[in-house]
Number of protein chains: 2
Amino acid sequence: MEIQPLPRRRGRPPRQGEPRQDTREQLLRAGVASLTEKGFVATGIDEVLRSVGVPKGSFYHYFASKEAFGAELIDRYGAYFAKKLERHLADETLPAHLDRLRAFIADAQAGMARHDYRRGCLIGNLGQETGALPAAYSNRLNAVFADWQARVAACLKRAQANGEIAAQVDCERQAAFFWIGWEGAVLRAKLERRPRPLEIFVEAFFAGLQQR
Amino acid sequence: MEIQPLPRRRGRPPRQGEPRQDTREQLLRAGVASLTEKGFVATGIDEVLRSVGVPKGSFYHYFASKEAFGAELIDRYGAYFAKKLERHLADETLPAHLDRLRAFIADAQAGMARHDYRRGCLIGNLGQETGALPAAYSNRLNAVFADWQARVAACLKRAQANGEIAAQVDCERQAAFFWIGWEGAVLRAKLERRPRPLEIFVEAFFAGLQQR
DNA sequence: TTGATATTAGACCGCTCGTCTATTAAAAAC
DNA sequence: GTTTTTAATAGACGAGCGGTCTAATATCAA
């Protein structure tokens with residue numbers, strides 16, 4: 001008695017009920033999950049496809065190559081957090097701008113907790129792999145950091161204008177410091193599988209903002 | 001006319017002049033270089049061997065597996081920087097303990113500059129790859145951080161006893177903060193290929209130590 | 001009805017990776 | 001001085017990878 005492994009017919013499948021919602025989107029989601037956990041090099045296309053139950057042949061219908069796939073992931077991830085940042089930093093229900101930044105941080109922390117501290121930051125992860133990545137990635141990654149940093153800097157400046165931060169603070173520099181340290185904290189939190197590094201960094205960051 | 005590619009005879013080679021100084025050591029050095037640049041997964045054994053001019057077969061004479069090779073690299077790297085730390089933190093020619101820490105930092109910065117900001121921290125690099133690494137690595141990496149952190153904490157406590165730091169500073173916590181942020185800075189410095197992130201972090205770190 | 005297009009299955013190729021086996025020299029044992 | 005053991009190497013090997021291709025099948029527009 002042979003076990004029939006559900007022999008999927010080849011060719012475009014008939015749409016049954018759900019029109020197999022956006023395979024491309026699913027691939028991208030699975031890609032983010034894998035890249036944040038293991039990085040670009042360690043992530044295999046096959047593996048991404050398997051996790052979504054999509055056959056290999058489909059991949060190159062949606063993406064030109066693994067490199068193109070990764071590039072899109074970087075852009076999407078950058079845009080996703082830019083949006084998240086903006087949502088919090090423009091939250092009128094919080095009068096203090098620093099509290100808005102804190103809200104974003106809490107959101108990000110919750111995100112790490114939700115995945116049991118197994119996933120890091122896609123941008124930071126790929127940053128580490130620089131030496132093994134397509135050359136074009138570096139600029140993309142730096143651009144994302146520059147964008148995120150600019151948004152935080154703008155927030156700090158508004159806080160400064162609001163009297164929440166002393167006038168002599170260099171907001172641009174502090175924003176740079178924030179992302180430098182935050183990425184380090186995410187890295188450690190992932191390695192230790194717990195939120196402590198995030199908490200330590202955040203506490204120290206805001207303490208440093210106050211007195212100088 | 002065939003080009004004879006210097007057909008090395010198989011088997012143990014006769015010792016000629018130099019006894020082929022410590023192949024094992026060379027492999028480890030090349031390993032550090034590659035892992036700090038590209039990480040563990042992206043580093044191929046073949047590539048390490050080629051860079052040293054050693055044939056593939058030799059590798060498994062010296063190391064049980066790639067995993068064992070990596071484990072040894074982690075330990076060596078951890079010990080190397082522990083030693084470097086101790087050397088600076090016990091430097092009697094510098095009266096202020098904070099200056100000793102600064103000396104270590106300057107040393108590490110010079111190291112990055114020497115490699116043109118292409119190499120990061122081996123421990124931090126592997127930390128990012130956690131999801132794709134042998135499970136046993138995580139403990140090793142955490143142990144290294146714990147060791148480094150303890151040394152910095154001890155230094156800060158001596159500085160505190162010396163009146164260089166206010167009494168209410170939590171040295172243990174600050175030491176944790178230091179390594180969290182430093183790793184983030186190394187990551188960014190590598191990505192941007194310049195020392196700026198290191199400088200920004202160090203400045204902010206010491207500023208935070210002073211006033212609170 | 002016909003053709004063009006979207007989406008899939010899975011074979012295939014070239015390459016690299018980590019491991020293993022066979023081979024040879026040196027060193028130790030007898 | 002012969003034999004045995006160990007050190008060190010060369011290269012074969014199988015598995016898996018990323019990427020490509022052909023063939024198959026459905027949908028949609030003309």
Side-chain angles (χ1 to χ4, degrees), chain A residues 4-28 30-31 34-35 38-73 129 132-134 137, chain B residues 4-28 30-31 34-35 38-73 129 132-134 137:
Chain A
Q4 282 294 13
L6 182 56
R8 290 220 245 167
R9 301 172 61 191
R10 56 165 48 184
R12 180 171 179 167
R15 41 182 308 204
Q16 44 202 9
E18 318 281 321
R20 190 173 194 12
Q21 58 196 21
D22 215 343
T23 302
R24 187 185 157 87
E25 185 67 23
Q26 285 184 283
L27 290 174
L28 289 168
S34 191
L35 290 221
K38 321 195 303 184
F40 183 80
V41 178
T43 294
I45 300 294
D46 262 336
E47 167 198 357
V48 172
L49 289 163
R50 254 197 315 276
S51 77
V52 192
V54 168
K56 192 160 189 177
S58 301
F59 187 82
Y60 289 89
H61 171 65
Y62 294 105
F63 306 97
S65 63
K66 188 190 183 187
E67 174 166 350
F69 181 61
E72 191 160 335
L73 285 180
E129 296 183 89
L133 259 41
Y137 280 15
Chain B
Q4 283 294 13
L6 181 56
R8 291 221 244 167
R9 303 171 61 192
R10 56 165 49 186
R12 179 171 181 166
R15 42 183 307 203
Q16 45 201 8
E18 318 279 322
R20 187 165 195 20
Q21 62 197 19
D22 216 344
T23 302
R24 187 185 157 87
E25 184 68 21
Q26 285 184 283
L27 290 174
L28 288 169
S34 190
L35 289 220
K38 322 195 301 185
F40 182 80
V41 178
T43 293
I45 300 294
D46 259 337
E47 167 198 357
V48 171
L49 289 163
R50 254 198 314 276
S51 77
V52 191
V54 168
K56 195 160 190 176
S58 300
F59 185 82
Y60 288 88
H61 170 65
Y62 294 105
F63 306 98
S65 63
K66 190 191 182 188
E67 173 167 349
F69 182 61
E72 190 160 338
L73 285 180
E129 295 182 89
L133 259 42
Y137 280 16

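Lettering follows sequence order; numbering is per chain, from 1. The basis for the numbers below is simple: all heavy atoms, side chains too, and nothing from hydrogens, waters or symmetry mates.
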| task | Look at the side chain of Y62(B) and the backbone N and O of T23(B), then say whether any donor-acceptor pair between them is shorter than 3.5 Å. | result | no
| Nucleotide-resolved protein contact map, nucleotides 14-20 of chain C, B/S/- at heavy-atom distance under 4.0 Å | ---BBBB
| task | Report the residues that fulfil side chain to side chain donor-acceptor pair (under 3.5 Å) with T43(B), sequence neighbours left out, ordered by chain and then residue number. | result | S34(B)
| Partners of F69(B) by ring pair (Phe, Tyr, Trp, His ring centres under 6.0 Å), sequence neighbours excluded? | F59(B), F63(B)
| task | State whether F40(A) and K66(A) meet the cation-pi test: NZ (Lys) or CZ (Arg) under 6.0 Å from the six-membered ring centroid, and within 45° of the perpendicular axis. | result | yes
| query | OP1, OP2 of dA8(D) versus side-chain N and O of H61(B): anything below 4.0 Å? | reply | yes
| For dT8(C), does OP1 or OP2 lie under 4.0 Å from any side-chain N or O of T23(A)? | yes
| Nearest non-hydrogen partners of G31(B) and V48(B), listed with the distance | N-CG1, 4.3 Å
| query | Which heavy atom in G39(B) sits nearest to a heavy atom in E129(B), and how many Å separate them? | reply | CA-OE2, 3.2 Å
| task | Please state how far atom CD in Q26(A) lies from atom C1' in dT8(C), giving the value in whole angstrom units. | result | 14 Å
| message | Between P on dT9(D) and CZ on F63(B), what's the gap in Å once rounded to a whole number? | response | 12 Å
